[in-house]
J.: 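First the structure, then my questions, so here it is.
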Amino acid sequence: WRYLFPLGPINRCMDSASAGPSAGVGGERSSSGGLGDAGPPRAATTPSRYESQKRRDWNTFLQYLRNHKPPLALARCSGAHVIEFLRYLDQFGKTKVHAPGCAFYGHPSPPGPCACPLRQAWGSLDALIGRLRAAYEESGGTPETNPFAARAVRIYLRDVRESQAKARGIPYEKKKRKRVPPAAGQPHPAGESSSSTALSGGSCGSGAGEGSGPPPRGSSSS
């Protein structure tokens with residue numbers, strides 16, 4: 001029988017059969033193995049519009065600190081430096097703010113053009129500070145040392161809101177949220193009577209356009 005059925009070819013066939021379909025090119029396993037069960041890789045999550053804008057604003061502020069004369073470290077940044085940054089951004093604003101001597105001062109819809117400068121709208125600055133305040137704490141800063149939450153910054157934003165309201169003739173109102181009657185036996189949810197400040201004319205930007213601006217070019221302007 002040895003001469004009729006040589007063992008060499010049979011052994012080779014058994015060896016190839018024992019390898020089975022699990023062996024593939026380059027040592028990879030087939031779809032029946034472990035790597036095949038993993039399926040296609042998961043798609044990376046796309047950041048939201050708010051997160052993307054917050055990242056751009058944070059990078060713009062860090063670039064402003066690097067271009068500051070002298071360069072300013074983030075740890076030494078105070079509310080006064082934040083106000084300087086907001087005034088620096090005014091040169092990229094798109095909101096017409098009439099001067100007290102302008103004929104259109106306090107006019108909500110001026111009939112013609114004037115030479116008054118363009119500024120950042122209060123709504124854009126307020127939204128910008130909110131994003132930068134969150135980005136500072138997400139980068140390791142503490143709420144106690146957050147320069148964007150300084151009292152001087154809040155006072156500055158309040159003054160900008162009041163001055164722009166007078167110059168543009170757009171009053172600000174406090175609008176209360178509508179109360180939703182609770183179900184029987186359920187207490188009122190906490191904070192439902194809180195109020196929010198809104199611009200009745202709807203002309204303040206949300207901060208997505210004006211607050212970002214081009215990257216800083218040089219030193220700060222006081």
J.: Going from CD1 on Ile83 to OH on Tyr156, what distance comes out if it is rounded to the nearest 0.5 angstrom?
T.: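 Answer rounded to 0.5 Å: 7.5 Å.
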J.: Please determine whether the number of non-hydrogen atoms from other residues, nucleotides or ligands lying under 6.0 Å from atom NZ of Lys96 exceeds 12.
T.: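 Counting neighbours around NZ of Lys96, more than 12 heavy atoms of other residues, nucleotides or ligands fall under 6.0 Å, so yes.
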J.: Would you say His81 and Pro147 make side-chain contact, with heavy atoms under 4.5 Å?
T.: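 The answer is no; the side chains never approach within 4.5 Å.
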J.: Quick one: do Leu62 and Leu72 end up in the same hydrophobic cluster if we chain Ile, Leu, Val, Met, Phe, Trp and Tyr together by side-chain heavy atoms under 4.5 Å apart?
T.: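 Same cluster.
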J.: At what distance, to the nearest 0.5 angstrom, does OG1 of Thr60 lie from CD of Gln53?
T.: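 So the OG1 of Thr60 and the CD of Gln53 are separated by 8.5 Å.
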J.: Please tell me if the side chains of Leu86 and Ile129 come closer than 4.5 Å, counting only heavy atoms from C-beta onward.
T.: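 They are in contact (side-chain heavy atoms under 4.5 Å apart), so the answer is yes.
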J.: Would a 4.5 Å heavy-atom cut-off, applied to side chains only, mark Pro47 and Arg55 as touching?
T.: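 They are in contact (side-chain heavy atoms under 4.5 Å apart), so the answer is yes.
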J.: Contact between Leu74 and Phe61 at the side-chain level, heavy atoms closer than 4.5 Å - yes or no?
T.: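 Of all side-chain heavy-atom pairs linking Phe61 with Leu74, at least one is under 4.5 Å.
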J.: Check the orientation of Tyr88 and Phe85. Use parallel for under 30°, tilted for 30 to 60°, and perpendicular for over 60°.
T.: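 Ring orientation, 0 to 90° scale: parallel.
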J.: Could you check whether any side-chain heavy atom of Cys77 comes within less than 4.5 Å of a side-chain heavy atom of Val82, counting everything from C-beta outward?
T.: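 Heavy-atom side-chain distance check passes, below 4.5 Å.
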J.: Determine yes or no for a side-chain-to-main-chain donor-acceptor pair under 3.5 angstrom, with Asp90 supplying the side chain and Gln120 the backbone.
T.: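 Pair found, side chain donor or acceptor close to backbone of Gln120.
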J.: Would you kindly say whether Asn59 and Gln63 are connected by a side-chain donor-acceptor distance under 3.5 Å?
T.: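 No donor-acceptor contact under 3.5 Å links the two side chains.
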J.: Which distance, rounded to the nearest 0.5 Å, do you find between the CH2 of Trp58 and the CZ of Arg131?
T.: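 Result: 13.5 Å between the selected atoms.
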J.: Are any of the side-chain heavy atoms of Phe104 and Pro111 separated by less than 4.5 Å?
T.: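 They are in side-chain contact.
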J.: Are the side chain of Tyr136 and the backbone N or O of Thr145 linked by a donor-acceptor pair below 3.5 Å?
T.: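 Between the backbone of Thr145 and the side chain of Tyr136 there is a qualifying donor-acceptor contact (under 3.5 Å).
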J.: Taking all heavy atoms of Ala99 and all of Tyr105, pick out the closest pair and write down the distance.
T.: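 The answer is O-CD1, 3.1 Å.
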J.: One thing to verify: whether Glu51 and Lys54 come together as a salt bridge, which I'm taking to mean a side-chain N less than 4.0 angstrom from a carboxylate O.
T.: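 Salt bridge flag = yes for Glu51 with Lys54.
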J.: Any donor-acceptor pair under 3.5 Å linking the side chain of Arg168 with the backbone of Val97?
T.: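 Not confirmed, Arg168 side chain does not pair with Val97 backbone.
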J.: If I compare all heavy atoms of Ala150 with all of Gly79, which pair ends up nearest, and what's the gap?
T.: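 So the minimum-distance heavy-atom pair works out to CB-CA, 4.0 Å.
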J.: When rounded to the nearest 0.5 angstrom, what is the spacing between CZ in Arg76 and OG in Ser78?
T.: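 Those atoms lie 10.0 Å apart.
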J.: Please find the pair of heavy atoms, one from Ala121 and one from Thr95, that lie closest to each other, and give the distance.
T.: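 Closest approach of Ala121 to Thr95, heavy atoms only: CB-OG1, 3.3 Å.
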J.: What distance separates Asp57 CG from Leu128 CG, expressed to the nearest 0.5 Å?
T.: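 Going from CG on Asp57 over to CG on Leu128, the span is 5.0 Å.
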J.: Any donor and acceptor pair, going by atom type alone, linking the side chain of Asn146 with main-chain N or O of Arg133 inside 3.5 Å?
T.: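 Checked: pair present.
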J.: Between CD of Gln164 and CZ of Arg119, what distance do you get to the nearest 0.5 Å?
T.: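 One gets 9.5 Å once the value is rounded to the nearest 0.5 Å.
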